[in-house]
Each structure stands twice: as C-alpha cells, then as structure tokens.
Amino acid sequence: GGLLIKSNSLKKGTNSRMANEPKRIGCQKSFIISLFKERKLSGVWTSELASIARKYSARISELRGDGHDIVLVERKEGGNNRYVLINYDC
C-alpha cells in the first residue's frame, strides 16, 4: 500500500461524554494514546488497536474529539491500516 496522509485539521471527532463513562473505555483510551505517543511517527496498526478495544474506531474518534490529531497514513488491502498521532508531544 501507498502512503496516505489524511489531514485532521478540522478536528473532527466525538467529544460528547456520558457523565458516568465506563472505566473500561477510559482505560482503553489511555492505553491507546500512550501507544501512539510511544510509537510517534511509526504509528499504530488497526490490528493492534483491535486487540485493545473492539470498538477502536470509537476510541479514535473520541481521542480526536479531545484534540488529538490522529491521521490515517497508510491503507493496506485487507483493512490493516496505520494511524499516526501528529501532535505526540502534547
């Protein structure tokens, strides 16, 4: 697959929260953002995200809503895509 950079400059994402967000979701988001920060520009594959959270796309959307600039940089046949956190120093 080729390199694809999808800009997230519009800061899309979900930022609505339930007052009593399940602890599991908060833990998943914390683990995912830590992984993005550790990996920096090498990114994280969707197969890795799926092992952390079944609804990893919802967690990505929530993290975007929190202001994290997570972008799709590589699409592979079969759907194992690579995402990168652009502002990993934050």
Side-chain angles (χ1 to χ4, degrees):
L3 184 64
L4 171 73
I5 297 181
K6 185 177 177 185
S7 176
N8 191 26
S9 60
L10 296 177
K11 300 292 183 203
K12 295 178 183 174
T14 304
N15 61 6
S16 59
R17 298 281 180 278
M18 298 184 315
N20 58 348
E21 179 180 88
K23 185 176 181 180
R24 166 185 50 81
I25 291 173
C27 290
Q28 289 173 348
K29 285 172 48 180
S30 294
F31 191 82
I32 289 170
I33 200 66
S34 294
L35 186 58
F36 273 114
K37 288 179 178 183
E38 175 186 310
R39 297 282 181 82
K40 301 188 177 180
L41 294 178
S42 61
V44 180
W45 295 95
T46 53
S47 58
E48 297 172 295
L49 295 170
S51 71
I52 299 166
R54 191 176 324 157
K55 293 185 177 184
Y56 67 87
S57 60
R59 302 297 82 81
I60 294 291
S61 182
E62 292 161 358
L63 289 167
R64 286 174 172 158
D66 292 342
H68 297 287
D69 198 4
I70 299 171
V71 296
L72 174 64
V73 294
E74 186 174 0
R75 284 189 193 269
K76 290 219 170 190
E77 245 181 77
N80 192 21
N81 303 318
R82 185 168 58 106
Y83 288 87
V84 170
L85 174 67
I86 300 300
N87 56 345
Y88 54 82
D89 291 329
C90 298

| request: Could you tell me the separation between the CZ atom of Arg82 and the CG atom of Leu49, rounded to the nearest 0.5 Å? | output: 12.5 Å

| request: Under the side-chain contact (heavy atoms from CB on, under 4.5 Å) rule, what do His68 and Phe36 come out as? Steps first, then yes or no, please. | output: CA-CA 10 Å; His68 297 287; Phe36 273 114; over 6 Å; no

| field | Nearest-0.5 Å distance that lies between atom CG in Leu72 and atom CG in Asn81 | value | 5.5 Å

| task | Quick one: pull up OG1 in Thr46 and OH in Tyr56 and give me the separation to the nearest 0.5 Å. | result | 4.5 Å

| Would you say the side chain of Gln28 lies within less than 4.5 Å of the side chain of Glu62, judging by non-hydrogen atoms? | no

| said: Taking the side chain as everything from C-beta on, heavy atoms only, tell me whether Trp45 gets closer than 4.5 Å to Glu74. | reply: yes

| message | Would the distance check show the side chain of Ser61 and the main-chain N or O of Ser57 forming a donor-acceptor pair, the cut-off being under 3.5 Å? | response | no

| task | Looking only at non-hydrogen atoms, find the nearest pair between Ala53 and Ile32 and report the distance. | result | CB-CD1, 4.4 Å

| query | When rounded to the nearest 0.5 angstrom, what distance separates CD1 in Ile52 from OG in Ser47? | reply | 10.0 Å

| query | If you take all heavy atoms of Lys40 and Val84, which pair is closest and at what distance? | reply | O-CG1, 3.8 Å

| message | Is any side-chain heavy atom of Asp66 closer than 4.5 Å to one of Lys29? | response | yes

| request: Check for a donor-acceptor pair, side chain of Asp69 on one end and backbone N or O of Leu85 on the other, with a separation under 3.5 Å. | output: no

| field | Pairwise distance NZ(Lys55) to CD1(Ile60) - rounded to 0.5 angstrom | value | 15.0 Å

